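Below is one structure; the comments refer to it alone.
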Amino acid sequence: MIQFQYERASTTKAAVSALANNANAKIIAGGTNLVDLMKRNVMAPTKLVDINALPLRNIKQQNGKVIIGALALNSQVADDKLILEKHPLLSKALNAGASAQIRNMATVGGNIMQRTRCSYFYDTALPCNKREPGSGCGALEGVNRMHGIFGTSEQCIAVHPSDMCVALVALDATVVVSGPKGERRIPFEDFHRLPGSQPEKDNTMQKDELIISVEIPDNAFSKNTHYFKVRDRASYAFALVSVAAALDMDGKTIKEARLAMGGVAHKPWRLKEAEKALAGRPANEETFRRAAEIAMQGAKAYKHNAFKLQLGSNVIVEALKNAAGIV
Amino acid sequence: MDKYKSRDKPERVDSHESRRDFLKTSSILTAIAVAPATVAKAAEYNLGEKISTAFETTPVNLTVNGVKKQLSVEPRSTLLDVLREQLDLTGTKKGCDYGQCGACTVHVDGQRVLSCLSLAIMQEGKQVTTIEGIAKGDELHPMQKAFIKHDGFQCGYCTPGQIMSGIACINEGHANSKEDIKEFMSGNICRCGAYPNIVKAIQEVKNGGQQS
C-alpha cells in the first residue's frame, strides 16, 4: 500500500471540505473495499478522511419513511427491528452479501460506493477503462463469465457487486448527499450510472459530496418479499445473478410489484416493465414467466455469460414464487 | 582475524547507520514540509484532532486482551500487522491479507472483524481481543476446548480465526442450527476437512450456554 495522509473529520462540513481541497482524497468508513483496493494498487488516494466520528449511525422512522444513517453497519441494519418489520427485503439482501466479519465493518454508505469486482479492474497489469480510462477493456473479449448483460458499452461490461443496492433500488430508496452547496437528494435509480464512454464514473455524485443517509419510503411490500441470489458456492461469493422481489398482494392477486436484479449491469437493475406486467395479475407461474420474459428483453450476452439469459429468467420466476409464498 | 573484524564491523555499522539516518532525516523533512500546511488546513476546515502525514507515525491507544497499549503506527499499518509485528501476538494469522479467508478474525469492541482490512490508526481507544486473550490463565475458553475435543482443525492455520468467529457466531445469536452456523461461519473460508467438526464444536458450546 502506498503511503497517504490520514485525517479524522469531526463534522460533515469538514469531511466535504477535505474532499473539495484534495482531488485525490477519499472518504474511509469501514474500509472493507477501499483498503483492499489500496493494497492491490487499484486505488491510491493521497489522503484518507476517516468519517467514523460523524453522527450518522442511527436508523429511525420519520415522516413516512425509514432513514438509515450512512455509517450504519451492514450487520446493524440487517438485524434492526424497524428494518425487519418494514423492509425485510433489505435485511435479506444484506445477509446474502459478504461475510459476518465484513458486515460488521461495512457501512451503508460504503456499500453504495463499493467498486466493481471485475477481475480486469482488480489486475493492474491488464487494461481496464474503469481503472485507467482509455486503456481498453480486458473483459470484452476476455473471461467475461461474471459480466453484464444489460446496459453494457464497448468501453465496459463490469457489474455492480452490491446485494444491498438491489433491494434499495426495488424499494424506491433515495440517497441523501451533502456537498459544499448543502444537501441534495438522489433517487436510488439515478445514483449509479451505466458505463457509456465514462466507465470510470460509478455514480452521479460529485467528487466533493458525501453520502449522509438513505431513505426508504413506507410501502405495502413487507409481507411478500424475497431475495434470491445465485452464486458459484453456497455463501460468501458475489452474485452471478440475484433478484429482489416484493409483492403487494390482495388474496391471490398482485396489486403491485417491485423487481430488481443484481449481477447483470453496471448498476442495480430495476425491472419496471416486468413490474407493470405483474400488477393486477394472479400470482402464478404463468404470470411470473411472462414477467421474466419481459424483464429479459434487451439483454445481450458475451462469450462466457450467455448462461445468464436463461438463469436470469429462472431466478426471477423463483424469486417471485418465493415472495408470493407459492413454492 | 581480529583485525579484519574490527575493521569490518565499524564500516558495516557506519553504512547501516548512515542509511538509517538518511531515512530518518528525509522522513523528518517530509513531515516538516507537509505538516504545517496540513495543520493550518485542519484548523481552517475544523477537522478532527488527529492528523497523520504520509511518512509519520502517530500514537494510537488500544486495549489488547485487556492490557492498555500505546503504539506508534503509520497510517497504512493494518491492525493485523500491528498485532503480529509490533505486539508479537502471532496467534492471529495472515492468510490472504485481502479480506477473503477470515484467518485474521479478531474482536474489536466485541464484534468480529477482519484485522487485515482494518487500519490500526482507525482503532483509537478500542478494545481488541485476539486468540491469545480468550483463555483465563491456563483454563482454555470453552470454544478452544470444544475445538480440541471435536478435532476442529487440520493444519491449524485457520483455527484462531475460526475460534474467534465461532465465539462471535454464538454471541450474535446465529448458531441456532447447523445451517445457520455454516452460513455465519462462511467468512472463515479455509477449513480443510474439519468443516463438520467445527460445526459440532460450535453446537456443543452453544448448547452448553457458554458466552465469551
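To find a chain, count down the sequence lines: A is the first, B the second, and so on, and within it residues start at 1. Not measured: the values here are computed from a predicted model.
- When side chains are defined from C-beta on, Y6(A) does not count as touching T58(B), because their heavy atoms never get closer than 4.5 Å.
- Interface remark: S165(B) contributes side-chain atoms only to the contact with chain A (heavy atom separation under 4.5 Å).
- Side-chain contact between Q5(A) and P75(B) is absent, with no heavy atoms from C-beta onward closer than 4.5 Å.
- Considering only heavy atoms from C-beta on, T32(A) stays 4.5 Å or farther from L114(B) through its side chain.
- Rounded to the nearest 0.5 angstrom, I102(A) CD1 and R112(B) CZ are separated by 11.0 Å.
- For chain A, no part of C169(B) is nearby; none of its heavy atoms comes within less than 4.5 Å.
- Ranking M38(A), M1(A), K39(A) against chain B, the residue ahead of the rest is K39(A), based on heavy-atom pairs under 4.5 Å.
- Using a 4.5 Å heavy-atom cutoff, the side chains of N104(A) and E172(B) are in contact.
- Within the model, atoms CZ of R40(A) and CG of D97(B) stand 9.5 Å from one another, a figure rounded to the nearest 0.5 Å.
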Side chain to side chain contact (heavy atoms under 4.5 Å, CB included) between I28(A) and L119(B), worked out: CA-CA 10 Å; I28(A) 188 161; L119(B) 296 177; 3.9 Å; yes
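- Side-chain atoms of Q101(A) and N188(B) include a donor-acceptor pair closer than 3.5 Å.
- Environment of NZ in K92(A): crowded, with over 12 heavy atoms of neighbouring residues, nucleotides or ligands closer than 6.0 Å.
- D36(A) touches chain B through backbone and side chain together, each having a heavy atom under 4.5 Å away.
- Of all non-hydrogen atoms in G187(B) and S99(A), the two that sit nearest each other are CA-CB, 3.3 Å.
- Residue K181(A) places its NZ atom among 12 or fewer non-hydrogen atoms of other residues, nucleotides or ligands, all under 6.0 Å distant.
- Nearest heavy atom pair, residue S235(A) against residue E183(B), reads CB-OE1, 3.3 Å.
- In this structure, H174(B) and D79(A) have side chains that are in contact, with non-hydrogen atoms separated by less than 4.5 Å.
- Considering OH of Y122(A) and OH of Y98(B), their distance stands at 10.5 Å, rounded to 0.5 Å.
- With a 4.5 angstrom heavy-atom cutoff, A106(A) does not touch chain B via any of its atoms.
- Atom NZ of K145(B) sits in a crowded spot, with more than 12 heavy atoms from other residues, nucleotides or ligands closer than 6.0 Å.
- Rounding to the nearest 0.5 angstrom, the gap separating the CZ atom in F4(A) from the CD atom in E74(B) is 9.0 Å.
- The closest side-chain heavy-atom distance from I189(B) to R233(A) is below 4.5 Å.
- For L48(A), the part lying under 4.5 angstrom from a heavy atom of chain B is the side chain only.
- Using a 4.5 Å heavy-atom cutoff, the side chains of R8(A) and I121(B) are in contact.
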